[in-house]
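What follows is a structure written as structure tokens; I'll ask about it next.
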Protein chains: 2
Amino acid sequence: MRTIGYHHGDLRRTVLDAAVDAIGASGLDGWSLRELARRAGVSHAAPAHHFGDKAGLLTALAAEGFDLLAETLRQAGTDFLEAGLAYVRFATEHPVHFGVMFQPKLYRADDDAVRQARDRAGALLAQGARAASPAGGEDTARAGWSIAHGFASLWLAGALTVEPGTDPVDAARPVLRRLLER
Amino acid sequence: MRTIGYHHGDLRRTVLDAAVDAIGASGLDGWSLRELARRAGVSHAAPAHHFGDKAGLLTALAAEGFDLLAETLRQAGTDFLEAGLAYVRFATEHPVHFGVMFQPKLYRADDDAVRQARDRAGALLAQGARAASPAGGEDTARAGWSIAHGFASLWLAGALTVEPGTDPVDAARPVLRRLLER
DNA sequence: CCCATGAACTTGTCAATGACTAGATCAGGA
DNA sequence: TCCTGATCTAGTCATTGACAAGTTCATGGG
């Protein structure tokens, strides 16, 4: 892969990674296409060729996020608790992707790549819910998704007070279990 | 209250309301201080006097949100299910406040007004958890908060497929109940 | 009655940004 | 060799956030 010269070589991926860095450091407002271009050593208009505009870049991020989530869920298998913990792991390991994915107004949610990846992840979630509780119905599936999504969101927002160094997945385990046991 | 002349009369509230409108319509990126100023009929720098900068305005929004949440929780009483439904009701009735509140990077989370309002709402949540499950412990409280927060977030993100016209609180009831019954 | 003081708002300005257009460079195939 | 499309550059414009300095207004002390 070339890194100098007229053609960058892999500008799309470079800019995408730089965006994750920048958003992770400064939040969803603290970044600009021009800053990413400077960081990649290309002209200020180069990113536009790959993503069109800011929303286009976030669209690509969301699609990648749903893909990563689907892959994480697939590896976790059909166990309800394991799937929930995998969900939390994905969110805490890819906080920027997670944050963008569930703010559809930031990107083009009807984009084909996004839609396909989202459906794939959704199917895995539904499959896990059915396997764990065959007679559970829609509400059981929603309860599982809600508690995992809620824990992950609160964790990322810093709303949960925990000892420093605590692993989010370890913290999530007893919480998610509350939905299964009594 | 005067609405014309050199002094607007209640510019702070007007701008805050306009911000909620704008963010609700176009998302967290689709607004500007200058647009709000134009909408309020004042100069482009007038909002800065009240909020300092963009983050200042969002800080005010977050503080107001935590206040509204605390009031909603207070009215709901100590019943676990009712508190959870009140949480969902708050989120769906004030989606912009809710969205800002749990993205601390967007505003100054260490602001005094925010901190006080946040602590007030947090105390009510903890109190509800203790009343419902005296021996439940931290994890039970977190499970309740997570499932309510998660359902609300997924609802606002449009991630849940429901019949048009469905009331979010009605949809949440059987879901939240899954945490209480088996 | 008058003025001092501070709050509320305006005007002017600047660098930075997103988006657009036109053009240059490059790679690969006919 | 030449052609075509993909990739990137250079230039431009309206808009924005932030800041500085000045103006208007309300209020209370003397």
Selection from C/dT10, D/dG17, D/dC8 that lies nearest to any side-chain heavy atom of B/A45 =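 Closest nucleotide to the B/A45 side chain: C/dT10.
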Examine D/dT16: is either OP1 or OP2 under 4.0 Å from a nitrogen or oxygen in the side chain of B/R38? Give yes or no.
->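 So the side chain of B/R38 is within the cut-off, an N or O lying under 4.0 Å from OP1 or OP2 of D/dT16.
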Return the minimal non-hydrogen interatomic distance between A/R142 and B/T161, and the atom names on each side.
->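 Where A/R142 meets B/T161 most closely, the heavy atoms are NH2-O, 3.0 Å.
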Can you name the nearest heavy-atom pair linking B/H97 to B/F90, along with the distance?
->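 Heavy atoms of B/H97 and B/F90 come nearest at CB-CZ, 4.4 Å.
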Are any of B/H49's side-chain N or O atoms less than 4.0 Å away from OP1 or OP2 of C/dA8?
->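 Checking C/dA8 against B/H49, a side-chain N or O does come within under 4.0 Å of OP1 or OP2.
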State, to 0.1 Å, how close B/A148 and B/V88 come at their nearest heavy-atom pair, and which atoms those are.
->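 So the minimum-distance heavy-atom pair works out to O-CG2, 3.9 Å.
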Look at B/S32 and D/dT16 and indicate whether a side-chain polar atom (N or O) is within less than 4.0 Å of OP1 or OP2.
->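 So the side chain of B/S32 is within the cut-off, an N or O lying under 4.0 Å from OP1 or OP2 of D/dT16.
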d(CG, B/D29; P, D/dG17) in whole Å =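 Rounded to the whole Å, the gap is 11 Å.
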Rounded to the nearest Å, what distance is computed from the CG atom of residue B/L36 to the P atom of nucleotide D/dA18?
->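 Rounded to the whole Å, the gap is 13 Å.
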What integer distance in Å separates A/L11:CG from C/dC26:P?
->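 Computing the A/L11:CG to C/dC26:P distance gives 16 Å.
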Measure from CG on A/D53 to P on C/dA19 and round the result to the nearest Å.
->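 Rounded to the whole Å, the gap is 5 Å.
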Which pair of heavy atoms, one from A/A117 and one from A/A63, lies closest together, and at what distance?
->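 Between these two residues, the closest heavy atoms are CB-O, 3.7 Å.
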Just say parallel, tilted or perpendicular for the rings of B/Y87 and B/F98, cut-offs at 30° and 60°.
->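 B/Y87 vs B/F98 ring planes: perpendicular.
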Let me know the distance between CG of A/D10 and C1' of C/dA27, rounded to the nearest Å.
->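 After rounding, the gap between these two atoms is 16 Å.
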Protein-nucleic acid N or O pairs under 3.5 Å, nucleotides 13-15 of chain C:
none

Determine: side-chain N/O of B/H50 to OP1/OP2 of C/dC9, distance under 4.0 Å, yes or no.
->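 B/H50 to C/dC9 OP1/OP2: side-chain N or O found under 4.0 Å.
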Shortest non-hydrogen contact from B/E35 toward B/A22 |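 Scanning both residues, the minimum pair turns out to be OE2-CB, 4.1 Å.
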A/V100 to A/A62 - nearest heavy-atom pair and separation =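 For A/V100 versus A/A62, the nearest heavy atoms are CG1-CB, 4.3 Å.
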B/K54 side chain, from C-beta outward: closest of C/dT10, C/dA19, D/dG17 =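 Closest nucleotide to the B/K54 side chain: D/dG17.
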Separation of C/dC20 P from A/F51 CZ (nearest whole Å) =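 My rounded result for the distance is 16 Å.
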